[in-house]
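Heads up: the structure comes next, in structure tokens.
Sequential numbering from 1 along the given sequence is applied to the chain's residues. Values reported hereafter were calculated over all heavy atoms of this structure, with side chains retained and with hydrogens, waters and symmetry mates removed.
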Amino acid sequence: MAALHNWLMELGNEGRAPRTVEAYEADVADTLAFVAEQIKRPNNELDLTEVTREGLVAAIADFRTRPDPRYRVHPERAPKERSPARVARRIAALRVFFKWCYGTGKIPADPAALIRSPKRGKRLPKALDQPTAVTLMDEGESRWPARDQLIVVLALTTGLRLEEMATLKMVDLVGSPPNALNVIGKGNKERHIPIPEVTQHAIETYLPERQQRLTKLAHEARTLFISSRPRVVGQVTSVEATRAGIAYVVDRVLRRCGARRRGSRVHVLRHTFATLGLRPDQSTGQPAYTLRQLQVALGHANLATIQVYTEVSDAELVKAAQAHPLANT
């Protein structure tokens with residue numbers, strides 16, 4: 001569909017992240033295909049002026065209850081419905097698309113304007129406790145301990161997203177030896193992140209081994225992290241890191257340390273960095289980061305997003321309850 005293609009092209013021109021554009025395309029294209037099928041258009045050739053609010057609501061309901069293809073191998077693990085957050089993302093994509101269509105005169109009215117997103121319950125991040133995090137950082141049983149340890153240490157001490165770690169390049173290392181990172185995050189926003197000594201040491205240990213691997217494989221790589229063996233990407237062979245490769249390493253480390261839980265993937269390390277960063281130190285009573293500092297470190301645009309990390313542990317609640325003025329009267 002020409003309108004969809006042009007909209008996606010404009011999103012790219014606006015600087016939207018490639019993965020965001022891909023997600024929007026998948027959400028809108030799937031919805032339009034459902035609407036076209038319901039009104040029985042030949043070859044699913046849909047005129048956007050035929051799309052109604054009722055048609056979009058039906059398509060969203062179908063998406064919410066449709067079997068999730070990610071659980072094709074293990075359908076018994078699939079939830080009965082897609083999460084409110086996932087449904088909300090699809091509705092957001094439809095709103096942006098049809099608002100653009102209306103604004104550019106392609107449709108006389110916006111059928112998505114009055115569709116409301118589902119309410120999303122607030123859940124605490126699945127963060128690891130400090131002893132478990134320390135165990136992960138010291139874990140070294142793998143085929144390439146230096147690389148795998150750096151992946152875990154970097155995530156736990158900087159809070160980088162999976163995409164940010166996979167695309168981190170050698171030129172993004174600041175200093176010699178490196179003492180900071182220049183990271184391109186969501187929305188192509190760059191941030192400068194100092195790294196602690198433990199991470200500096202892990203990088204210094206890994207870099208010589210990285211170069212030895214590249215020399216042995218007769219390859220070059222721009223990314224900091226590389227794979228153990230080459231893979232074919234289109235018409236070329238590459239050893240540069242991938243999201244799947246980074247995720248596999250973290251999943252393997254979590255399993256070996258007994259910390260693998262449902263929902264505990266790479267993002268749990270980011271949650272752990274943020275949660276422990278706001279936890280008051282036992283000796284000083286002050287956290288390592290203020291909310292504003294953590295917002296900058298994580299690359300969040302909205303300070304309110306950080307509030308979810310101000311998690312209070314059960315032990316802290318017990319201590320507070322015992323210290324209450326009326327607790328010992």
Side-chain angles (χ1 to χ4, degrees), residues 122-140 147-168 172-174 178-186 189-203 206 224-225 241 243 246-261 263-282 284 286-313 315-316:
K122 294 183 179 179
R123 296 187 300 172
L124 291 175
K126 295 180 175 65
L128 305 173
D129 57 34
Q130 185 171 343
T132 302
V134 171
T135 300
L136 291 180
M137 292 172 67
D138 291 337
E139 208 284 329
R147 182 201 61 182
D148 296 356
Q149 184 185 38
L150 176 57
I151 289 174
V152 174
V153 169
L154 188 64
L156 284 171
T157 59
T158 65
L160 292 186
R161 300 179 178 94
L162 172 59
E163 180 77 12
E164 293 168 348
M165 287 203 295
T167 57
L168 190 64
D172 297 328
L173 302 181
V174 180
N179 55 37
L181 307 171
N182 288 326
V183 179
I184 304 297
K186 284 187 175 181
K189 295 178 181 177
E190 183 175 351
R191 64 189 192 275
H192 182 81
I193 302 178
I195 53 178
E197 289 186 6
V198 63
T199 311
Q200 295 177 31
H201 177 71
I203 292 177
Y206 164 71
L224 171 64
F225 295 111
R243 286 169 50 91
I246 300 290
Y248 177 73
V249 168
V250 173
D251 189 75
R252 200 169 50 190
V253 173
L254 288 170
R255 288 181 185 276
R256 282 200 299 267
C257 293
R260 177 71 169 83
R261 302 288 185 273
S264 295
R265 301 294 175 91
V266 178
H267 220 61
V268 74
L269 305 186
R270 177 174 167 87
H271 289 321
T272 301
F273 163 76
T275 301
L276 294 181
L278 291 176
R279 187 68 53 79
D281 182 79
Q282 292 183 353
T284 65
Q286 297 297 319
Y289 286 82
T290 64
L291 284 175
R292 174 57 183 155
Q293 289 170 340
L294 189 63
Q295 178 193 1
V296 174
L298 292 176
H300 280 304
N302 192 342
L303 183 61
T305 310
I306 307 297
Q307 299 287 346
V308 71
Y309 295 114
T310 56
E311 174 187 345
V312 178
S313 69
E316 290 172 323

Nearest atoms (heavy-atom pairs only) where [X] meets [Y]:
X	Y	answer
L298	G159	CD2-O, 3.8 Å
A166	A241	O-CB, 4.0 Å
L162	A247	CD1-N, 4.0 Å
A274	L294	O-CD2, 3.8 Å
I203	P178	CG2-CG, 4.0 Å
F225	M165	CD1-O, 3.6 Å

About how many Å separate [atom2] of [Y] and [atom1] of [X], when rounded to the nearest 0.5 Å?
X	Y	atom1	atom2	value
L150	T199	CG	OG1	8.0 Å
T157	L276	OG1	CG	12.0 Å
Q295	R191	CD	CZ	11.0 Å
L269	L156	CG	CG	4.5 Å
I246	E163	CD1	CD	10.5 Å

Residues, nucleotides or ligands: over 12 heavy atoms within 6.0 Å of [X] [atom1]:
X	atom1	answer
E190	CD	yes
Q130	CD	no
H192	NE2	yes

[Y] and [X], any side-chain heavy atoms less than 4.5 Å apart:
X	Y	value
V183	T158	no
V174	L181	no
R243	V266	no
I193	L160	yes

With no hydrogens and no angle check, is any side-chain donor or acceptor of [X] less than 3.5 Å from a backbone partner on [Y]?
X	Y	result
Q200	I195	yes
Q149	M137	yes
Y206	I151	no
R270	A155	no

| query | Of the options V134, T135, V268, T275, which is the one that meets L128 in a side chain to side chain contact (heavy atoms under 4.5 Å, CB included)? | reply | V268

| request: Assess whether side-chain contact (heavy atoms from CB on, under 4.5 Å) is satisfied between L173 and L224, documenting all intermediate values. | output: CA-CA 9 Å; L173 302 181; L224 171 64; 4.1 Å; yes

